[in-house]
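Right, one structure below, let's go through it.
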Amino acid sequence: MLNILDIPFTPLDVAGILTIIFLGIALFLKIQRIKQLRLEVDKLNKSLEGMDEQSKLIIRTDMELNKIQEELDKKITSLYTLQELTRAISTTLEEPQIFKRIEVERLKEIGFEKALIFLYSEKDSRFNLYLNIGYVSEDVGIVKAFIEANGSQFLNLIKIQKTISSTSAVEGFIAKETINSLFTVSAFIFSVLLPKDGDKGFLFVGTENKDTLITEGDEELVTILTNQLGQSLENARLFEKTWNVQQELEKKVEERTRELALVIEGIKKISKRKTDFVSSVSHELRTPLTSIKGYAAILLAGKLGEVPLGVRERLEKINRHSDELVHMVNDMLDISRIESGREVMKIEPYDLKIISARAADLLSAQLKDKQIELSIDIPVNASEVLIDVNQIERVFINIVGNAIKFTPVAGKIFIRAVSIGAWIQVDIADTGSGIPEEAREAIFEEFYRVDSLINQQVKGTGLGLALVKNIIEAHGGKIWVKSKLGAGATFSFTLPVK
Ligand code: ADP
């Protein structure tokens, strides 16, 4: 067997062998290096792949963000439009105007080009059309017939008060495809219209745009719109109701006013007849009264012979009663003359202090008899009036005369005056019996006398205050009384200032 050591190697062979060995080692190292490089390349490739994924993710996120931004922009525009729409429909109180204010342009801004409003009339048991945007009448006819045919479904929608759309249909409700084809849309929303009173119904909005996908936000938006519509309808109906009631009331007031005018006319006629009657009767009474008084005077004077004492007493009574009658007849005549305007007031500027003093002087005997103290307080700024002096003097004498009559011994009477704008108010107060509440207006009527003990004892006709009232009113003033039963009365009247 041949041993390798037995082979004779030349130095050249050895060098060759060494070279081969060296090259082998170098090759091995190279291969190792390549392997390492490959691993690194793999690593690099892997990280590059990872980077690709990230950039894809970034691009995707960016796109999504853009989409969200777009949607947000759309929402903001829609919200603006909704705000304008709600403002437009809430600023009218006329029902037809509310629907007219939903304009096609605004509707488009919130993504729809078709809209219908139907309200269900309980009275006619049918749906009536109140708004049509985007449909020709023929199509509306078809839609209306469909709604009528499926009335219970739509009524149920109103009942459950739901907003539904092509993405959120209610179970049991008409299929979305049917609605799409009948209403010629690709996406839609139904939202109910629920005013508190009167007809309720729904708003339908739709679009033919195939890219439109109704979101919850869209439903909310349309619901806000229908809520506002319902509120506006409610307001308009309430306003109409109030307006109708007001019209009716006005009509009634007019009617009543006309009736009242007729009644007043009648009263005026009766009053004139009464005045004429009183006036003619009074005139007729005056003549026989004058002759009675005349004959009594002749008899009393003894011109027809001696008058026995008993007869004289009776004749004097006839004379006194005749005087009272004449007085009464004169008062009646005065009242009817002033009432009918036949008695013209002779107006002149005058001082109330003078009139009060004169009345006090004229009544001084009665005041003294009953030890009644009369105090007068008329300041300078409340004394100049524009009056018929004689008539106003009668007013003072009548009221102060009454005060004396109805005030017990040692009582007090006050005459005061105060200036109130273009008027002077005179108050004549006493500490007498007072006047019951129920009689405070009636005492100014003719012949009215309070049914009291004093009135049974003191004489009177019940004409004095009626005359006083007529005189004050003929001056444009007013008269009234305040009193506390048992604690006196205050008569107040107004007179024009100079
Ligand atoms: P007469 O005094 O002749 O009865 P008047 O018209 O002057 O008629 O008065 C009507 C009624 O008003 C009187 O009968 C009396 O009952 C009541 N009256 C008037 N003045 C007073 C007064 N100062 N105090 C209480 N009652 C009065």
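From a predicted model like this one, the values you see are computed outputs, not experimental measurements. In listed order, ligands and their atoms are each counted from 1. Count residues from 1 along the sequence. Quick note: numbers below take in every heavy atom, side chains included, and nothing from hydrogens, waters or symmetry partners.
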For ligand 1, what are the residues with a heavy-atom contact below 4.0 Å? N402, A403, K405, F406, D430, S433, G434, I435, I443, Y448, R449, V450, N455, G460, T461, G462, L463, G464, L465, F491
Less than 6.0 Å separating the ring centroids of F183 and F190? yes
Check whether NZ of the Lys or CZ of the Arg K114 lies under 6.0 Å from the centre of the six-membered ring of Y135 and within 45 degrees of that ring's axis. yes
Taking only residues two or more places apart in sequence, or in another chain, which ones meet S433 in a side-chain contact (heavy atoms from CB on, under 4.5 Å)? F406, I454
For F204 together with F112, are the ring centres under 6.0 Å from each other? no
side-chain contact (heavy atoms from CB on, under 4.5 Å) with E373: which residues, sequence neighbours excluded? K412
Only pairs at least two apart or in different chains count here, so list each salt bridge (charged side-chain N to carboxylate O under 4.0 Å, His left out) that has a residue in residues 449-476. E324-K459, K469-E473
